[in-house]
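Only a predicted model underlies this, so the values are computations on that prediction, with no experimental measurement involved. Lettering of chains follows the sequences in order, A, B, ..., and the numbering in each one begins at 1. The figures here come from the full heavy-atom set of this structure, side chains too, leaving out hydrogens, waters and symmetry mates.
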There are 4 protein chains.
Amino acid sequence: MIIVMSHLATEPQVAAVVDKVKEIGLKPEISRGEDRTLVGVIGSNAYAYKEAFSHLGGIKEIVQITKPFKLASREFRPHDTVVDVGGVRVGGEGVVVMAGPCSVEGEEMLLQTARHVAGRGAKLLRGGAFKPRTSPYTFQGLGEAGLKMLAQARSETGLRVVTEVMTPGDVELVARYADMLQVGTRNMQNYSLLQEVGRSGRPVLLKRGMSSTVEEWLLAAEYVLSQGNRGVVLCERGIRTFEPATRFTLDLNAVPLVRELSHLPIVIDPSQATGRWSLVRPMALAAVAAGAHGLLVEVHPNPAEALSDGAQSLDFEGFDRLMADLGRLVDAMSRELV
Amino acid sequence: MIIVMSHLATEPQVAAVVDKVKEIGLKPEISRGEDRTLVGVIGSNAYAYKEAFSHLGGIKEIVQITKPFKLASREFRPHDTVVDVGGVRVGGEGVVVMAGPCSVEGEEMLLQTARHVAGRGAKLLRGGAFKPRTSPYTFQGLGEAGLKMLAQARSETGLRVVTEVMTPGDVELVARYADMLQVGTRNMQNYSLLQEVGRSGRPVLLKRGMSSTVEEWLLAAEYVLSQGNRGVVLCERGIRTFEPATRFTLDLNAVPLVRELSHLPIVIDPSQATGRWSLVRPMALAAVAAGAHGLLVEVHPNPAEALSDGAQSLDFEGFDRLMADLGRLVDAMSRELV
Amino acid sequence: MIIVMSHLATEPQVAAVVDKVKEIGLKPEISRGEDRTLVGVIGSNAYAYKEAFSHLGGIKEIVQITKPFKLASREFRPHDTVVDVGGVRVGGEGVVVMAGPCSVEGEEMLLQTARHVAGRGAKLLRGGAFKPRTSPYTFQGLGEAGLKMLAQARSETGLRVVTEVMTPGDVELVARYADMLQVGTRNMQNYSLLQEVGRSGRPVLLKRGMSSTVEEWLLAAEYVLSQGNRGVVLCERGIRTFEPATRFTLDLNAVPLVRELSHLPIVIDPSQATGRWSLVRPMALAAVAAGAHGLLVEVHPNPAEALSDGAQSLDFEGFDRLMADLGRLVDAMSRELV
Amino acid sequence: MIIVMSHLATEPQVAAVVDKVKEIGLKPEISRGEDRTLVGVIGSNAYAYKEAFSHLGGIKEIVQITKPFKLASREFRPHDTVVDVGGVRVGGEGVVVMAGPCSVEGEEMLLQTARHVAGRGAKLLRGGAFKPRTSPYTFQGLGEAGLKMLAQARSETGLRVVTEVMTPGDVELVARYADMLQVGTRNMQNYSLLQEVGRSGRPVLLKRGMSSTVEEWLLAAEYVLSQGNRGVVLCERGIRTFEPATRFTLDLNAVPLVRELSHLPIVIDPSQATGRWSLVRPMALAAVAAGAHGLLVEVHPNPAEALSDGAQSLDFEGFDRLMADLGRLVDAMSRELV
């Protein structure tokens with residue numbers, strides 16, 4: 001942390017800042033320039049004390065220099081983390097496809113979808129049993145009945161299951177059925193939930209908050225990692241911007257950026273992000289071209305009948321076309337489908 | 001809901017849309033213009049079926065016309081709701097001040113603050129016992145010990161207590177000590193929590209999600225109201241924008257807008273929004289001038305020593321100056337401090 | 001500027017950075033911490049050379065510490081600037097009202113509006129003769145004929161005239177008729193135009209770009225000031241956010257913030273910002289409560305017939321109500337209407 | 001346009017709306033539902049009259065249904081436009097690479113860069129002679145001397161030249177030297193400039209405003225097209241969001257979206273968007289995977305010495321790696337480099 005003094009700061013003001021640094025137990029380093037004086041504050045956790053200075057006089061600005069995440073950072077762990085999800089490896093050079101309906105609506109539609117996507121190369125089955133819905137008057141998911149259907153689809157197809165958990169009290173229940181626990185965008189800063197999924201030991205798919213910076217997202221991952229759970233996969237799913245033409249703005253910049261800052265795998269959900277099935281295939285291909293470790297895609301046997309988010313679901317034909325294009329793309333990039 | 005057909009749509013495409021509307025059990029109304037055909041879909045919940053049309057051909061756009069909140073709407077209840085918080089009336093023409101430290105840090109500082117703000121006209125004491133923190137490595141609150149201190153401050157000063165609850169499992173515990181339950185910005189779409197505070201029967205202070213539209217915020221209120229709990233007070237606390245100079249952008253437009261759309265009271269938190277104590281007083285006055293029903297302000301006996309958010313806390317002198325200005329302002333507007 | 005080295009940086013990498021600083025002619029100051037090394041770079045224009053370091057190894061981050069505006073900064077000129085607009089003083093403790101139609105549509109409506117607002121205490125007449133319109137198919141303004149009508153309204157009422165200029169080639173023309181030149185939000189970074197209005201010597205009303213940070217806005221002011229023209233008045237008119245319920249989000253935080261960072265006056269346009277006449281009065285009062293030096297308000301004798309932006313214009317009755325409330329508010333704040 | 005009446009609207013209020021529609025010369029179509037009445041307003045330009053209704057009673061909402069751009073729309077012209085830039089075809093199935101330095105800094109560096117990128121497959125040379133700079137104190141470009149260097153580089157290498165024009169008065173000058181005129185992000189709504197480049201007859205590279213919606217961008221294109229100039233190429237270059245880790249947020253969603261809504265070609269500028277050279281290659285590949293018609297990339301022989309934007313420029317080695325990856329990618333997608 002660096003404390004930038006105003007060019008009008010007096011000597012006693014500079015001295016008061018230096019004394020405060022020492023009082024906290026940190027080490028000050030003074031640089032005097034033509035214009036103004038800087039006080040460097042050394043210590044890896046210095047920024048946490050920033051507020052101790054906010055009411056002192058003569059300070060122009062306080063600048064943070066060390067990002068506050070550690071376990072999630074590439075500096076801490078230089079090599080890519082590969083997360084094992086029931087034997088499926090997420091991360092590294094492979095590209096993994098997670099597919100399935102937005103919500104689990106019934107046994108038949110789920111099995112039909114699971115068989116289809118498994119046959120085309122998907123390795124995980126996605127599908128919501130507990131659904132966070134903006135309105136209290138819309139379909140909220142089947143709950144445990146939905147979880148049982150997911151588990152049954154796993155037995156039949158060998159697909160691993162990823163599904164959302166919305167509240168700490170349900171973590172144990174969901175973990176009984178799922179291979180990977182999804183934390184949704186609206187819960188990315190639900191810290192009680194992050195700690196509970198951390199303690200569960202299950203791999204976690206951590207969706208980015210729709211208005212969270214990459215730094216905040218990595219700090220949310222830090223909550224899970226700090227419970228001793230190293231199985232965190234990040235999932236970009238669109239951020240909120242001023243553009244109304246798409247449901248959210250898929251931020252693919254996050255792919256190469258996260259790969260620079262962190263060792264954790266990152267996958268992309270183009271369905272939630274765009275809200276329009278016609279954009280899903282181009283954005284999915286773009287995500288992999290940018291370096292994503294995988295995709296989370298909504299597929300429904302009959303999107304026009306879906307109880308939630310049909311507008312953004314691919315039908316089977318659309319999914320097949322995506323997988324065909326994806327196959328050629330990963331070849332061209334010397335990567336491969338997991 | 002109105003389905004706008006492309007000007008290239010064929011008659012069979014229009015017919016397919018009309019059939020679909022009937023199949024769902026809604027009523028179609030066709031308007032044929034020079035350019036294109038519109039299909040109005042009548043029924044108060046029509047928009048929930050929007051996705052049933054997303055894969056039909058010849059559709060240019062589907063437009064929503066009825067906002068999906070009801071209990072929270074001004075159309076539903078034309079007169080202002082006044083929420084009773086342990087005898088303090090929030091809403092209507094009065095202006096209520098809720099003040100206190102960001103976090104409860106200890107008995108002495110809390111009592112000292114409570115006595116001071118009560119003496120200057122505050123009616124509720126705010127203070128976090130459970131704190132949602134972006135980093136897992138910062139102070140997370142005192143928990144139940146903090147709640148006890150808040151209850152004790154109430155006995156001594158008569159101030160009512162508002163404090164945050166972060167997870168459904170803690171609602172009962174927090175409700176035992178608090179007069180009003182706060183749902184924080186990061187939990188505005190934590191639907192399990194919204195339902196649980198709804199069922200508690202306690203008044204709820206519902207902070208706006210930092211990237212939530214006013215419509216989504218009113219829908220979150222609808223979750224609480226739909227549990228039969230009518231005591232919802234909305235709190236604007238800054239939204240996320242591109243501007244880095246303030247911590248968030250306090251959206252005061254929400255004040256007159258919410259008052260048009262809804263009958264629920266709205267209060268403003270200028271401390272969280274701006275993150276800079278020097279902006280708190282001007283923005284608090286602006287909020288009341290715009291028509292807010294109250295303020296939620298951070299006050300600390302010694303902000304430079306605060307364990308959280310000292311930079312945005314007023315000291316006692318700053319609070320006194322705010323209250324003096326506020327008194328003159330409410331007089332000029334023919335309103336009064338509750 | 002401070003260059004933060006990675007904690008993995010080698011000694012030769014640190015040395016390369018130090019050499020580069022010297023090569024540019026700046027002065028390095030090295031601080032070695034437990035974790036990592038910092039290189040302070042002293043010199044008031046250091047940040048302009050930031051990119052010279054972007055391809056060197058071992059650097060974690062480069063942090064800017066001195067904001068790049070000077071003439072506009074409060075550090076440079078501690079006392080409030082008061083801008084003289086044809087004898088009307090904008091800035092300081094007074095509150096000035098600028099009112100009139102969105103566009104000049106005809107002689108009669110303009111005079112009628114000018115007489116009305118002058119009678120209620122406005123001091124400047126606003127009205128567009130050149131209109132920037134999002135669509136090429138909507139009314140674009142009357143051009144010079146509109147300017148003449150504005151000048152005539154000035155002769156009749158004594159109101160000073162502020163009107164927009166859109167392109168450098170029109171500056172001379174507009175300056176012939178107007179007391180103050182308005183640079184619109186879409187042209188805030190039209191640098192050719194900023195320099196030309198700077199050279200004109202006329203006072204300038206500089207609207208904030210709808211997606212410009214406060215820092216960028218003050219830099220745009222710097223373009224005008226650096227031509228020797230000190231008559232810059234800033235105007236906040238709403239920024240672009242994710243919220244669709246208002247046309248833009250009026251950012252009143254900018255009022256106290258600009259007053260801290262700069263000595264220039266700041267006025268508020270609640271009409272353009274909200275796009276809804278019913279929000280104009282509350283937001284106008286809020287602006288003045290927050291410390292604004294004035295208001296820019298759209299008034300139309302018959303908003304339902306306006307050729308542009310009628311939805312956001314006050315009618316005469318609405319304007320009268322605003323002025324009455326405003327009178328009480330400025331009294332309460334010990335300020336006065338200019 | 002559809003006018004949605006409040007469910008509390010009276011019959012006389014509905015009648016007043018219907019009368020107003022007729023008075024304007026448009027055709028009303030009334031639909032009466034359970035809840036409320038809708039008045040459809042038929043006529044292709046109906047929305048332009050929206051404001052005529054803003055002050056009538058009993059209206060809940062006015063909904064736009066026809067997007068206001070025409071010449072730019074896919075409905076108007078179903079087949080892809082291919083723009084001829086001095087013989088180079090931009091649009092359709094090919095992928096074109098435009099490369100060069102941010103600014104033209106001198107003859108030697110420009111020629112060296114031009115030769116290099118031409119040798120690797122670029123077809124257009126980019127480089128700024130007039131530079132819009134946020135601060136008045138930074139390098140503003142070489143002006144006409146820079147244009148001459150660009151023209152000379154064209155003679156030597158055969159590359160076509162695209163360069164920015166900032167003000168209507170310079171259009172003729174720039175058009176004398178350039179094959180394609182660039183309108184920068186800060187000028188996307190500089191309507192005087194749009195009309196002037198429209199009249200020039202030269203192909204136009206129209207950058208998206210950093211806070212412009214896709215609809216506004218297509219309306220800006222409409223300004224150029226409506227002058228009879230059909231040679232418009234759109235360029236996405238990053239939008240402003242809350243994320244500070246990248247300079248802007250490159251919005252690749254715009255690629256498939258623009259291709260649905262419009263027939264105009266779209267290219268991507270990953271350098272300006274991200275501001276970090278290390279993100280340029282992955283985002284460039286992603287853009288093409290999403291369906292972009294080309295790339296605009298900053299390349300500099302020695303980025304560390306660049307006078308502007310070195311941090312986002314590729315060096316020759318980085319450019320070569322991009323072109324190699326791009327070659328494999330376009331093959332896999334059955335497209336080809338122009």
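The line from CZ of Arg74(D) to OG of Ser6(B) is 13.0 Å long, rounded to the nearest 0.5 Å.
The local environment of CH2 in Trp277(D) is sparse, with at most 12 non-hydrogen atoms from other residues, nucleotides or ligands closer than 6.0 Å.
Scanning residues 258-274 of chain B against chain D with a 4.5 Å heavy-atom cutoff picks out nothing at all.
With sequence neighbours excluded, the residues satisfying side chain to side chain contact (heavy atoms under 4.5 Å, CB included) with Thr241(D) are Ile239(A), Thr241(A), Ile239(D), Glu243(D), Thr249(D).
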